[in-house]
**Student:** 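Dumping the structure here so I can ask a few things about it.
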2 protein chains.
Amino acid sequence: MTEPSGAERDPKAVSKFVESFAAQLVEAGMQRMSARVFAALLSSDSGTMTSVELGEQLQISPAAVSGAVRYLAQVHMVSREREPGSRRERYRVHSNQWYEALTNREAIMKRWEDALREGVTSLGAETPAGRRLAETLAFFEFMESELRAMMERWRVHRERHFGDG
Amino acid sequence: MTEPSGAERDPKAVSKFVESFAAQLVEAGMQRMSARVFAALLSSDSGTMTSVELGEQLQISPAAVSGAVRYLAQVHMVSREREPGSRRERYRVHSNQWYEALTNREAIMKRWEDALREGVTSLGAETPAGRRLAETLAFFEFMESELRAMMERWRVHRERHFGDG
DNA sequence: CGCTTCTTTCACAAATTTGTGAAGTTAAGG
DNA sequence: CCTTAACTTCACAAATTTGTGAAAGAAGCG
């Protein structure tokens, strides 16, 4: 089990990583096929794969690839690009994928906040329940601004350590 | 639809909040019954409810309550306490529930990190794929320490604005 | 245009998840 | 101890989700 040297990639090793990382994503709530596709892209040297390549490596149908990619694109974890002069599409992981994913997370929090705000007014801001909801709401608003600042710090940190991949 | 004054709680209003907030949690990946139970607790004045109360308000079986509560307790979003001298159990939302939930989130990230570390060594730290995994790993490690600091800031912020409920 | 190559959509079978009633377990209070 | 109230576990039916093959839909290329 020594480190691969140079050009060769051990499909076994790749597959092992793909499946174990995907399993963790699934456990955290991601759909299985999306998780596997994402892990495969993440562990590819170029950071891009075609639909066919994904289907072959993961042993899944074109339909499954299509569904997985649609979801991943929707949450901005993968982008699609057309190979010039070809009907073949390439799917790519962003270097700032996590930034995108977190930004997307904010949209979800916004909807939570909306529901909470409604709850505060309808239950009454001065009732114990209303106060609890208000505090919860405040927490999310706090988190939102903190996350923004945090991502900016990451951008800086990353540039220092990894250059601008 | 004016603000409720004093003692009365409008079950319709409570239920509306419970269902709409729960729906958002479900959309973010939480199981339906757990989401509903959590929302019900969150919007109760005392912050606690018994199994029977939950079953009645949400129109679900004792078995469903049991399952939902088991999950919520596991992820530290709810705690169980025995009413002294009774076989009745009370379920309670913590005031620092979100702190707990996020701490729990860290456990998940740790497992992601483990999978990534293995990937880096097995694919080779100097391969393009290995470098991408390493950067991803660095991001999670960064997030972890930032989250810790953020929660400490929230603790302070909260105390200033809400006292130590 | 029409052929060819990819991708997406659709209907369906298989697998999984969900919530229930009923039986089982635990513990308080006689 | 025995009764009984409360919670949990279990087996199952219903509902939902998942992934596929097949058909339909785009888009390059001649």
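Per chain, numbering begins at 1; letters A, B, ... match sequence-line order.
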**Student:** Rounded to whole angstroms, how far apart are CE on A:Met49 and P on C:dT7?
**Tutor:**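 Result: 13 Å.
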
**Student:** More than 12 heavy atoms of other residues, nucleotides or ligands under 6.0 Å from CD of A:Glu118: yes or no?
**Tutor:**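 Incorrect, the count does not exceed 12.
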
**Student:** Is the closest basic N to carboxylate O distance between A:Glu81 and A:Arg88 below 4.0 Å?
**Tutor:**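 Salt bridge: no.
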
**Student:** Regarding A:Asp114 and A:Arg111, does a basic nitrogen lie under 4.0 Å from an acidic carboxylate oxygen?
**Tutor:**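 Looking at A:Arg111 together with A:Asp114, the answer is no, because their closest N to O distance does not fall below 4.0 Å.
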
**Student:** Respond yes when some side-chain nitrogen or oxygen of A:Arg88 is under 4.0 Å from OP1 or OP2 of C:dC6, and no when none is.
**Tutor:**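 For C:dC6, OP1/OP2 do have a side-chain N/O of A:Arg88 under 4.0 Å.
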
**Student:** Considering only side-chain heavy atoms of B:Tyr91, which listed nucleotide, C:dT7, D:dC29, D:dC7, is closest?
**Tutor:**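 The listed nucleotide nearest to B:Tyr91's side chain is D:dC7.
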
**Student:** Under 4.0 Å between any heavy atoms, over every strand shown, what does A:Arg82 touch: base, sugar-phosphate, or nothing? Just pick one.
**Tutor:**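 It contacts sugar-phosphate atoms only.
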
**Student:** Using a 4.0 Å heavy-atom cut-off, does B:Arg36 contact any base of the nucleic acid, only the sugar-phosphate backbone, or nothing at all?
**Tutor:**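 The residue B:Arg36 makes no contact with any strand.
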
**Student:** Take the protein atom CD of A:Glu83 and the nucleotide atom P of C:dT5, then report the distance between them rounded to whole Å.
**Tutor:**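 Going from CD in A:Glu83 over to P in C:dT5 covers 16 Å.
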
**Student:** Which part of the nucleic acid, if any, lies within contact of B:Gly85, taking any heavy atom under 4.0 Å across all strands shown: a base, the sugar-phosphate backbone alone, or nothing?
**Tutor:**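 Sugar-phosphate contact only - B:Gly85 comes under 4.0 Å of backbone atoms but never of a base.
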
**Student:** Between atom CZ in B:Arg70 and atom P in D:dC7, what is the gap in whole Å?
**Tutor:**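 Rounded to whole Å, this separation is 15 Å.
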
**Student:** If we check ring pair (Phe, Tyr, Trp, His ring centres under 6.0 Å) with A:Phe38, which of these qualifies: A:Tyr71, A:Trp98, A:Tyr91, A:Phe21?
**Tutor:**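 Among the candidates, only A:Trp98 passes.
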
**Student:** Whole angstrom is fine here: how far is it from OH in B:Tyr71 over to C1' in D:dT8?
**Tutor:**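 From B:Tyr71 OH to D:dT8 C1': 20 Å.
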
**Student:** If you look at every strand shown and take non-hydrogen atoms under 4.0 Å, does A:Arg90 touch a base, only sugar-phosphate, or nothing?
**Tutor:**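 Counting heavy atoms under 4.0 Å across all strands, no contact is made by A:Arg90.
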
**Student:** If the threshold is 4.0 Å, N to carboxylate O, is there a salt bridge linking B:Glu135 and B:Arg132?
**Tutor:**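 A salt bridge is absent here (no side-chain N lies under 4.0 Å from a carboxylate O).
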
**Student:** Collect all protein-nucleotide pairs involving nucleotides 16-24 of chain D in which both atoms are nitrogen or oxygen and the distance is under 3.5 Å.
**Tutor:**
from: D:dG19; atom 1: OP1; to: A:Arg32; atom 2: NE; distance (Å): 3.2
from: D:dT20; atom 1: OP2; to: A:Ser61; atom 2: N; distance (Å): 3.2
from: D:dT20; atom 1: OP2; to: A:Ser61; atom 2: OG; distance (Å): 2.9

**Student:** Between C:dT5 atom P and A:Arg87 atom CZ, what is the distance in whole Å?
**Tutor:**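 One finds 7 Å between P of C:dT5 and CZ of A:Arg87, rounded.
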
**Student:** Okay, side chain of B:Arg32, backbone of B:Val26: is any donor-acceptor separation there less than 3.5 Å?
**Tutor:**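 Pair absent, no side-chain N/O of B:Arg32 close to backbone of B:Val26.
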
**Student:** Have B:Thr48 and B:Arg90 got a donor and an acceptor in their side chains that come within less than 3.5 Å?
**Tutor:**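 A donor-acceptor contact under 3.5 Å links the two side chains.
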
